[in-house]
2 protein chains.
Amino acid sequence: MNKPTVHDIAREAGVSLATVDRVLNARPGVREETIARVQAVVDRIGYVRDTFAANLARQRLYRFAFVLPEGPGQFVGTLAEALAEAHASHVVDRVALRVVHVPTQDPEAVVRVLAELGEAGMDGVALMTPETPQVRDAVARLKADGLAVVAIASDLPSSMRDYFIGINNLAAGRTAGLLMGRFLRDAGEVLVVTNSMRSRDSLERRLGFDAVMAAEFPEHRILPSVESFDDPGRMAAIVREVMARRPAIRGVYSMGTGNTALLGALRASARPGDLVVVGHELTPTTRAALRSGEMSAVIAQNVGHLVRSALRIMRALCDQRPIFEAQEQIRIDLILRENIL
Amino acid sequence: MNKPTVHDIAREAGVSLATVDRVLNARPGVREETIARVQAVVDRIGYVRDTFAANLARQRLYRFAFVLPEGPGQFVGTLAEALAEAHASHVVDRVALRVVHVPTQDPEAVVRVLAELGEAGMDGVALMTPETPQVRDAVARLKADGLAVVAIASDLPSSMRDYFIGINNLAAGRTAGLLMGRFLRDAGEVLVVTNSMRSRDSLERRLGFDAVMAAEFPEHRILPSVESFDDPGRMAAIVREVMARRPAIRGVYSMGTGNTALLGALRASARPGDLVVVGHELTPTTRAALRSGEMSAVIAQNVGHLVRSALRIMRALCDQRPIFEAQEQIRIDLILRENIL
DNA sequence: CTGTTTTTGAGGTACGCACCTCAAAAATAC
DNA sequence: GTATTTTTGAGGTGCGTACCTCAAAAACAG
């Protein structure tokens, strides 16, 4: 027995192909009663639309845009690379990609770009931008225009986004805390740094980190978060200063970006040999630091999965197809020196 | 400008569609000179065959079989589940699946099943079986019949298999060693257990584990491997006995299956509260043990990825398409209590 | 140059679906 | 009842490819 087709539905339901087509594609001009009859047959014989044939027929081209922060961030770089790779290798077919870099600190600029994308006839937008009221409204407008909108890496929970693709940052922080606690030998202080505590990610990570440290490793003293405000110079200066002032520091948790500056400052400091450094995201910098032993662990999300997931989900949303959650779940990856890959 | 089609090739090369078809599908009856001309145009305009249209046209149905060990193993169970899930959700389309469970300790039975699959007109076989000369020959026969053959989870390096889908077990063992060393507090003994040291996986894991422990954590004494020979009763008995006899044991590394029996025995023993237990594969048992704290870490390979990867790779092999290595790389997952997911 | 073989062209059908038109049938309103 | 609207049927075309046939053209042998 082969896969049922529209012909099978028509025969079983005692209607014509045209009617089946009208029902399947929600075209008007069919009695409720007939719709129900066709639907019943569809359910009974287990018909599923052949997406490939359907796309072939309708000459479907998915127009997707990725809105990423501009600037020199390494994580964004690896993300853009993964995107190019996924696109080039036709993991997802029939997709016209557009990657836009925006100055995320300027909400108005983000809004302008999103508005432009809406008018450009995009089918879906994946964005990685901080949550601001302006962005929230722009997302709502995109949704109103019928676009699929997904947030990647950093969620926009209060917006109308269809989906968030990324890790649970509270759990990521808890994982960092667990690792830190188990890796630390003697009681001491733990320095926590980030580029910005205004970012939801850092907030959630800190929450999780503190919860685990307080509950299970109370012998350590967790210092208040130090912020670099995305300024490498500032990061280096502060870290150097704190390290000099607080010799009891035995661990450093880096919740955000700016690891290059952080590691540079640590190198310059008279840091203890058994300093435990835990950070986020696998980049050339953190990779090298794991290899050299300067970092003990990195908590990552696989950027390849991230972009492929984003592409698949936007497609599913466009096709109004259900999303296969298990495949799209982005896991919290734990990277040590030995499993960098 | 749209995606180039066979029509574009025909026009550009000044030949007919029939000739283009003959060249693209390596059918006979075309002069070398003409083949070269058509190929040149294909390369120049960047034609790529539309797999969806192609499969639609040729009514392609991929017949794949998975050969898995029979018996009550939890890992195989989760694998079979993931397989059913991937199949049901049409992650891969146009695939007729067949899952066969074989008594892997009986090489002749495995050979019989493989021979039968070859005759049943399969397009590809994914197998998870120990490496024996008989199996190696059977794989060679399948290859000779033109089937795609991939090894999953456990490699068959000396065979003709097209691809191995799974983790690097040496690196997995090294990762286990690194975690064990960092998690252990006081110097002591480490118990290493497995179901069978005849399995290549356990051998490689032990090698990696020892290398890291010896080089970086020489203060601990790593005991010889204890084997259960797939017998839960034996596992329980041995572990209980060893734990009683060696009070200095501070860590346990479980390289293979049989974690349920192991954990049961540990629970029954007067184990130290800070015992570090590291094992492999995320199963209901190890998951619960992570949650309860009985296990400190699990080294896993995502079974969902494993089966999806196997399906994609078999398809690519059948289509003679290149494999997108980056997506198929199975990473060594590190699972702690906080990132179980 | 003729006869034979090889290569090429032209055209068709099919795959499963989307989308279109026009006419026929059925349901409804008056 | 007839007039009108709504619903349905029948049929077609195209998407990009595979695979088939038959005839025409070209290349080659003698």
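Throughout, a chain's letter reflects where its sequence line sits, starting with A, and its residues are numbered from 1.
Shown here are the side chain to side chain contact (heavy atoms under 4.5 Å, CB included) partners of B:Ser159, two or more places apart in sequence or in another chain: B:Arg136, B:Val139, B:Leu156, B:Arg161.
For DNA chain C, the residues of residues 34-43 of chain B within the heavy-atom distance limit of 4.0 Å (strictly under) are B:Thr34, sorted by number.
Note: CG (B:Leu24) to P (D:dC19) measures 12 Å, nearest angstrom. Separating the CD1 atom of A:Ile9 from the C1' atom of C:dG16 is a distance of 11 Å, rounded to the nearest angstrom. Atom C1' of nucleotide D:dC20 and atom CG of B:Asp21 are separated by 10 Å, given to the nearest angstrom. Atom CG of B:Asp50 and atom C1' of D:dG14 are 14 Å apart (whole Å). Rounded to an integer number of Å, the gap from CG of B:Asp8 to C1' of D:dC15 is 14 Å. One interatomic measurement links the two molecules: CZ of A:Arg27 to P of D:dT8, which rounds to 15 Å at whole-angstrom precision. One can place CG of A:Leu56 at 12 Å from P of C:dC17, the figure rounded to the nearest angstrom. Rounded to whole Å, the distance from CG on B:Leu17 to C1' on D:dC22 is 17 Å.
When each of D:dT17, C:dA18, C:dC15 is scored by its nearest atom to the side-chain atoms of A:Ala54, the top-ranked nucleotide is C:dA18. Checking C:dC17, D:dG9, D:dT7 against the side-chain heavy atoms of A:Arg31 singles out D:dT7 as nearest. In the set D:dT17, C:dG16, C:dG9, the nucleotide with an atom closest to the side chain of A:Thr5 is C:dG16. Here the nucleotide nearest the side chain of B:Ala57, chosen from C:dC17, D:dA18, C:dC19, is D:dA18. Which of D:dG9, C:dA18, D:dT17 sits closest to the side chain of A:Ser16 comes down to D:dG9.
Among the candidates B:Ile167, B:Ile165, B:Asp333, B:Ile152, the single residue satisfying the side chain to side chain contact (heavy atoms under 4.5 Å, CB included) test with B:Gln301 is B:Ile167. Here the rule is side chain to side chain contact (heavy atoms under 4.5 Å, CB included) with B:Val6, and of B:Asp21, B:Leu24, B:Asp50 only B:Leu24 fits it.
Counting non-hydrogen atoms of neighbouring residues, nucleotides and ligands closer than 6.0 angstrom, the CZ atom of B:Arg37 exceeds 12 such neighbours.
Between B:Val307 and B:Phe66, the shortest heavy-atom distance links the atoms O-CZ, 4.4 Å.
Not a single donor-acceptor pair, N or O on each side, falls under 3.5 Å between the base of D:dG14 and the side chain of A:Arg58.
A close approach under 4.0 Å does occur between a side-chain nitrogen or oxygen of A:Thr19 and OP1 or OP2 of D:dG9. Phosphate proximity of C:dT8 to B:Arg22: absent, as no side-chain N or O sits under 4.0 Å from OP1 or OP2. A close approach under 4.0 Å does not occur between any side-chain nitrogen or oxygen of B:Arg49 and OP1 or OP2 of D:dG16.
When heavy atoms are screened at a 4.0 angstrom cut-off, A:His7 is found touching no nucleic acid atom at all. A:Asn55 comes within contact range of no nucleotide atom at all, as no heavy-atom separation falls under 4.0 Å.
The residues B:Lys143 and B:Asp162 are annotated as salt-bridged, a charged nitrogen and a carboxylate oxygen being separated by less than 4.0 angstrom.
One N or O on the side chain of B:Asp8 and one on the backbone of B:Thr5 form a donor-acceptor pair closer than 3.5 Å.
Rounding to the nearest 0.5 angstrom, the gap separating the CD atom in A:Glu81 from the CD atom in A:Gln74 is 10.5 Å.
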